[in-house]
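Below is one structure, written out as structure tokens; comments come after it.
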Amino acid sequence: MASTTLLNRASLQRIIPILLLLFAFAGTSAAEELPCNIQRRTLLYAVKGQDSLYMDIYTNIVPPKRDAASADGPQTAPRASRVAMAPRPALIFLSGGDSTAGGRDDKRYREYLCHIAERGITVFSIDYRLEESAKLAPLAQSALDRAVEDLFTATLYILKHHFTLSVDPLQIMVSGSSAGAIIALQAEYYLANRKAPEQMPESFNYCGVIAFAGAIMSFGEDLQWEGMPAPIALFHGKADNIVPFKRTQSASGGRIVSLNGSFTIAKSLKRRGAPYMLKSYKSKDHSVAVWAMQHQLEQVDYFLQKYIFRDK
């Protein structure tokens, strides 16, 4: 990870419990049958110490149907996926790390992952390093740092092997649920503010972010975007008592540490003139981290078509 320090011990007194809960170990669920047109395979993308990190790759093996109006007319998936083996857009997915959801192959994510893959987007659901218990996490900073590092490592793996993976290196998105959403948003925040590891190509940025009940850690009152971030879709329950919809702050020695939820992120993106979509749910809590992935797929499709593929 880059040398940038996210937090210090004194300023984490109120925020640590939230992150420890989110990054606590959660076991994976039993595998579930996939739609007949979706192929899944598993690859090892990194070994870090004693941790072997894998990615499940979901691919639509049936070419998207053509529009009946013309043999060469519009299709139901993004243009890059019209030829089965042509480079396709990609989405890297990070699971939640709390009791709400856990593990790259958790069956609660299956509908969402397959839904994305059926639209001609190759999905990479990745492992990232987790704390096995709060006792092993004296600072939540370490868990977040390692997880963001693992996302960048997976991204570099896909970039390096984009030809054999049939991925368009200019169309890589990232998405996450709960802790995974925090990791995805934090990574995009680093990229926009030039705080990513040196190994990341200087010109690289994700082409989109889809976050379900996520947040960004920062110092100060307001989020600042030095560079233009990718289009971001934010799904969040206003009654979320785990990841705040707005902001949770802690002060130490005149320094403010903030956990900025979707509402606060959206405000900062609006000030920056950056593209975003915020979907909030008045009576819903942290369950939105999974619920929206199962019941708001039309909104996901709208975001992809309007903000990522520009209705092409």
Side-chain angles (χ1 to χ4, degrees), residues 21-22 26 28-38 40 56 58 60 64 76-78 89-126 173-185 208-215 231-246 261-266 269 275-309 311:
L21 173 62
L22 290 171
T28 58
S29 298
E32 184 177 290
E33 289 188 8
L34 301 174
C36 60
N37 60 310
I38 300 299
R40 183 181 64 188
D56 290 338
Y58 294 76
N60 186 0
T76 59
L91 181 142
I92 304 173
F93 177 75
L94 300 105
S95 65
D98 67 338
S99 59
T100 300
R104 72 176 191 275
D105 62 345
D106 191 307
K107 66 181 180 182
R108 289 168 287 188
Y109 306 132
R110 197 64 47 77
E111 181 179 3
Y112 174 69
L113 300 181
C114 291
H115 180 86
I116 297 295
E118 285 179 334
R119 272 134 190 81
I121 300 167
T122 301
V123 176
F124 299 84
S125 184
I126 69 168
M173 294 169 274
V174 62
S175 178
S177 169
S178 187
I182 294 176
I183 299 162
L185 289 166
V209 181
I210 305 174
F212 300 95
I232 298 176
L234 302 158
F235 296 82
H236 215 128
K238 290 185 176 181
D240 195 326
N241 61 354
I242 296 178
V243 178
F245 176 61
K246 293 185 177 181
S262 294
F263 178 79
T264 304
I265 295 170
L269 294 171
Y276 73 93
M277 183 180 83
L278 172 63
K279 304 301 294 185
S280 60
Y281 309 92
K282 183 176 180 180
S283 61
K284 289 195 173 294
D285 56 16
H286 195 60
S287 62
V288 167
V290 173
W291 174 86
M293 301 171 68
Q294 299 169 341
H295 300 283
Q296 297 292 284
L297 294 177
E298 289 185 2
Q299 296 296 331
V300 172
D301 287 343
Y302 175 81
F303 173 76
L304 291 173
Q305 288 302 122
K306 181 176 181 179
Y307 293 89
I308 307 301
F309 301 115
D311 292 318

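Every residue two or more places apart in sequence or in another chain that forms a salt bridge (Lys or Arg N to Asp or Glu O under 4.0 Å) with D56 is listed here: R104. Scored by the side-chain hydrogen bond (donor to acceptor under 3.5 Å, both in side chains) test, S175 finds Y112 as partners (sequence neighbours excluded). Evaluation of the ring-ring contact (aromatic ring centres under 6.0 Å, His included) rule for Y302 yields no partner, not counting sequence neighbours. Scanning for ring-ring contact (aromatic ring centres under 6.0 Å, His included) contacts around F235 gives F212, with sequence neighbours left out. For the ring-ring contact (aromatic ring centres under 6.0 Å, His included) test, no residue two or more places apart in sequence or in another chain qualifies with Y58.
Listed here is the closest heavy atom pair of L34 and C114: CD2-SG, 3.9 Å. Of all the heavy atoms in P275 and Y307, the pair that sits closest is CB-CD2, 3.9 Å. Here the shortest heavy-atom pairing between P89 and G120 reads CD-O, 3.7 Å.
To the nearest 0.5 Å, the span separating CG on D240 from OG on S178 amounts to 8.0 Å. Distance CG/D301 to CZ/F309: 10.5 Å, rounded to 0.5 Å. Here the CG-CE distance, from L113 to M293, works out to 6.0 Å after rounding to the nearest 0.5 Å. Atom CD1 of I116 and atom OG1 of T122 lie 11.5 Å apart (nearest 0.5 Å).
Distance alone, capped at 3.5 Å, is enough to place a donor-acceptor pair between the H236 side chain and the V243 backbone. A donor-acceptor pair is defined here as one N or O able to donate and one able to accept, closer than 3.5 Å; no such pair exists between the side chain of S262 and the backbone of F245.
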Would you list the atom pairs, donor with acceptor, under 3.5 Å between side chains in residues 276-284 and any protein atom, with sequence neighbours excluded?
from, atom 1, to, atom 2, distance (Å)
Y281, OH, Q296, OE1, 2.9

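For the side-chain contact (heavy atoms from CB on, under 4.5 Å) with L91, the qualifying choice from I121, I308, V174 is I121, the only one to do so. Checking each of I92, V209, L304 against M173 for a side-chain contact (heavy atoms from CB on, under 4.5 Å) leaves exactly one that passes, namely L304.
No side-chain heavy atom of S95 sits less than 4.5 Å from a side-chain heavy atom of D106. A 4.5 Å side-chain heavy-atom check between S177 and F93 finds at least one atom pair inside the cut-off.
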Worksheet item: When you look at R110 and R40, which way does the side-chain contact (heavy atoms from CB on, under 4.5 Å) test go after all the steps?
Response: CA-CA 11 Å; R110 197 64 47 77; R40 183 181 64 188; 3.7 Å; yes
Practice prompt. Check the pair Q294 / R108 against side-chain contact (heavy atoms from CB on, under 4.5 Å), numbers first and verdict last.
Written response: CA-CA 8 Å; Q294 299 169 341; R108 289 168 287 188; 4.0 Å; yes
Discussion item. Using the rule given for side-chain contact (heavy atoms from CB on, under 4.5 Å), can you reason through L234 versus L185, listing the C-alpha separation, both sets of side-chain angles and the distance that settles it, and then say yes or no?
Written reply: CA-CA 10 Å; L234 302 158; L185 289 166; 4.1 Å; yes
